[in-house]
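One structure is given here, and the rest of the page talks about it.
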Amino acid sequence: MSIDICKMRNIGISAHIDSGKTTLSERILFYSNKIHIIREVRGKDGVGATMDSMDLERERGITIQSAATQVEWKEHTINLIDTPGHVDFTIEVERSLRVLDGAILVLCAVGGVQSQSITVDRQLKRYHVPRIAFVNKCDRAGANPFKVKNQLREKLGLNAIMIQIPIGLEDKLEGMVDLVTQKALYFDGDSGETVRVAEIPAHLKADAAKFREEMLDAISMFDDTLMELLMEGADIPEDSIRRAIRKGTLEEKLVPVMVGSAYKNKGIQPLLDGVTYYLPNPTEVKNYALDIDNNEKQVELAADATKPTVALGFKLEDGKYGQLTYVRIYQGGLKKGDELMNTRARKRFKVGRLVRMHANTMEDITEGVPGDIVALFGIECASGDTFCGGGLNYAMSSMYVPEPVISLAITPKDKKSADQMAKALNRFTKEDPTFQTFVDPESNQTIIKGMGELHLDVYIARMQREYNCTVETGMPQVAYRETITARAEFNYTHKKQTGGSGQYGRVAGYIEPCDVEYEFVDTIKGGAIPTEYIPSCDKGFRQALQKGSLIGFPIVNVRCLINDGQSHPVDSSDIAFQLAAIGGFRESYAKAKPCILEPVMRVTVEGPTEFQGNIFASINQRRGIIISSTEDGTNSCVEAEVPLSEMFGYSPALRGMTQGKAEFSMEFEKYGKVPVSISDALIKEYEEKRKKEQK
């Protein structure tokens, strides 16, 4: 099947959790004859929506992984990606936006612009993705699409313009008025499959004229001919209106607002028409790559089948037939048997099996055209790799990957689970750049890190289901540090005599606090310690810093200075001076008033101003210090410094106290001194642990 690039659209459906994205996707699949029965997100038969293919998604009624499919609509090919709305799965949204040309921003007619809508809007702006706004759930009590349009302007700063108005609202929703064609649209048949075009109802004529005037006024900025016709009071052709809306949308200076109810099967066909009318085809989007051979110079890519291939692997999945890599083709084409180069790994590979995805099912294809989204089987790569043909050595700029904010310690229950856990972690970290894992050298625990508690919960549940691996989770150990607060001197002699040559070394000097992690100063004069043994002293001090005596964590911010010492012509050696330095450090450490430091995080909490008091209280309860607080309309942003040990469990607590409307991010700021009461408790706990180990 040959595809006309000008009639192709790559679009994503983005929105706040529970705005009806997956329900909308299901209707799009139905009306484009991709499926023949509509399934609901929480279906009575337990099957769930087509695009939610994971068992976990069906059980929880949320989208976890973005799913891709392709539909045909009025001679246009639409590649559609349904993305998650939950903040914990933000990387899935980032990945999808990186490769999309346009988006449908779905909003709830009751909830309006919610916290996640703000995050999604930020992501759309970051990748310069033009969008149509679709105000869904107009059938629900309290629905008000006009209020939502105003919120798009006030909260997101978008030039939102109604191009449709609803006929009735809440349980009286009948259809909508199309302001471009000046006709009323109704949806007949069991599943709203027949679109009936009629005259505008008499009681809505005045409203329709008012909103049409507003629309024409806004779009006339993008078309001089249209502006002239408007000033002359002449009739304006539909084509001119659509052309102006399209121009404003592609320039990201206009957001057309459409209305409907996916659940009640109203407004989906006009929305699909809107996608073909107002969103860009691959040739209208500027995409750039970096030329690695030419100082990473920016090169514009062209959606041209005759040029060498440049494609981006934006998402990995481990399917039953091996690794599946979702690929967006930016330039050139992809055919079975083509040889491509993975420019990051510097590895060549042949394109074997090429498929088109439909949620979790697939069809084999022989080629992919520029602008297309396809999937490759069995190639070794990481998320975000660039594939080039024709000797090109380009890299697509990688997508923005936020730092994980939460970690958990996990322990496998038995030996079999331990093997399976290693396999699962290897796969998950490859698929998801925001999911990280490492073994803590201090506690020897396996730590997993992610974007939130739900994110980690999902991966633990997937280990159980997909790998039959049971793990126990525990609080991870916070990475404490020890330091000194005063200067203390040492004069230590290491002497050991066994048969034959012994060990001898004496070091003298002092330790004191400093700003850097560790500093070694040598002020030896007259060869009291021979030059060849000075590095041995440095090595000894470094070893002593690895484990403090208070709670067994590394020691930081110490300057070790040596100013005297003594050696023996026979018994002195590298190891003797290392041990002398360790002994000298330990001798003076207790006298240097040691204390415990804890990691302090910079925490930013964003949420509605009405919950600001709750947010302040929650930070104060967690030993936090509020640095600043700013208000922007109905939203407020609080910045604070909070010890990491107090941040566990903050995510659900914050959601609970703000009705799920606030979100937070945190990053490491500095190490700070632990209060005496907590310090005493940590030391006591460490001593008890050591006694147990000695027994």
Side-chain angles (χ1 to χ4, degrees), residues 407-409 411 438-447 474-494 507-521 537-562 578-601 622-625 641-648 668-695:
S407 52
L408 254 189
T411 318
F438 65 97
V439 174
D440 186 337
E442 289 155 23
S443 63
N444 221 15
Q445 291 172 300
T446 299
I447 308 285
M475 276 276 199
Q477 237 171 345
V478 174
Y480 291 106
R481 294 288 179 264
E482 296 183 24
T483 192
I484 55 172
T485 56
R487 175 174 157 163
E489 300 200 350
F490 58 84
N491 185 348
Y492 185 84
T493 306
H494 171 70
V507 293
Y510 59 83
I511 60 172
E512 64 181 0
C514 74
D515 293 336
V516 293
E517 200 165 304
Y518 164 68
E519 190 181 347
F520 173 68
V521 182
C537 298
D538 182 18
K539 218 188 267 182
F541 288 132
R542 284 178 189 274
Q543 205 173 324
L545 291 169
Q546 283 174 13
K547 197 171 185 184
S549 55
L550 295 180
I551 56 169
F553 276 92
I555 303 163
V556 293
N557 301 4
V558 177
R559 179 181 293 118
C560 299
L561 181 140
I562 52 172
Q578 274 191 52
L579 293 168
I582 292 170
F585 184 87
R586 287 185 180 152
E587 177 186 87
S588 56
Y589 184 61
K591 297 182 283 186
K593 298 183 180 166
C595 70
I596 301 169
L597 300 174
E598 63 183 345
V600 176
M601 313 302 281
R622 290 176 148 76
R623 295 195 286 123
I625 298 165
E641 288 179 358
V642 191
L644 174 64
S645 58
E646 301 288 341
M647 287 302 292
F648 299 121
F668 174 74
E669 175 75 12
K670 61 182 182 189
Y671 271 97
K673 203 172 167 184
V674 172
V676 177
S677 58
I678 293 171
S679 174
D680 291 348
L682 288 169
I683 292 168
K684 192 178 169 193
E685 190 186 320
Y686 178 64
E687 282 167 0
E688 283 171 4
K689 190 175 150 194
R690 279 184 66 188
K691 277 177 195 164
K692 268 186 199 167
E693 284 169 0
Q694 281 162 3
K695 279 179 190 173

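Within the model, atoms CZ of Arg481 and CG of Leu545 stand 11.5 Å from one another, a figure rounded to the nearest 0.5 Å. To the nearest 0.5 Å, atoms CG (Leu597) and CZ (Phe553) are separated by 12.0 Å. Rounded to the nearest 0.5 Å, atoms OH (Tyr510) and CD1 (Ile562) are 12.0 Å apart.
Residue Ile683 places its CD1 atom among more than 12 non-hydrogen atoms of other residues, nucleotides or ligands, all under 6.0 Å distant. The number of heavy atoms from other shown groups lying within 6.0 Å of CD (Glu519) is above 12.
The minimum heavy-atom distance linking Ile511 with Cys560 is given by the pair CG2-SG, 3.9 Å. Taking each heavy atom of Ser679 and Val674 in turn, the nearest pair found is N-CG1, 3.6 Å.
For the salt bridge (Lys or Arg N to Asp or Glu O under 4.0 Å) test, no residue two or more places apart in sequence or in another chain qualifies with Arg622. Annotation: salt bridge (Lys or Arg N to Asp or Glu O under 4.0 Å) contacts of Arg586 (sequence neighbours excluded): none. Partners of Tyr492 under the ring-ring contact (aromatic ring centres under 6.0 Å, His included) rule, at least two apart in sequence or in another chain, do not exist in this structure.
Judged as a salt bridge (charged side-chain N to carboxylate O under 4.0 Å, His left out), the pairs with a partner in residues 541-555 (not counting sequence neighbours) are, in order, Asp538-Arg542. Residue pairs that meet the salt bridge (charged side-chain N to carboxylate O under 4.0 Å, His left out) test with at least one member in residues 672-683, sequence neighbours left out, do not exist here.
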Please report, to 0.1 Å, the donor-acceptor pairs under 3.5 Å made by any side chain of residues 482-489, with sequence neighbours excluded.
{"unit_1": "Glu482", "atom_1": "OE1", "unit_2": "Ser549", "atom_2": "N", "d": "3.4"}
{"unit_1": "Glu482", "atom_1": "OE1", "unit_2": "Leu550", "atom_2": "N", "d": "3.3"}
{"unit_1": "Glu482", "atom_1": "OE1", "unit_2": "Tyr589", "atom_2": "OH", "d": "2.7"}
{"unit_1": "Glu482", "atom_1": "OE2", "unit_2": "Leu550", "atom_2": "N", "d": "3.3"}
{"unit_1": "Glu482", "atom_1": "OE2", "unit_2": "Ile551", "atom_2": "N", "d": "2.8"}
{"unit_1": "Glu482", "atom_1": "OE2", "unit_2": "Gly552", "atom_2": "N", "d": "3.1"}
{"unit_1": "Thr483", "atom_1": "OG1", "unit_2": "Val556", "atom_2": "O", "d": "2.8"}
{"unit_1": "Thr485", "atom_1": "OG1", "unit_2": "Lys593", "atom_2": "O", "d": "2.7"}

Next item on the list: Evaluate side-chain contact (heavy atoms from CB on, under 4.5 Å) for Ile555 paired with Tyr518, printing each intermediate quantity in order.
Entry: CA-CA 9 Å; Ile555 303 163; Tyr518 164 68; over 6 Å; no
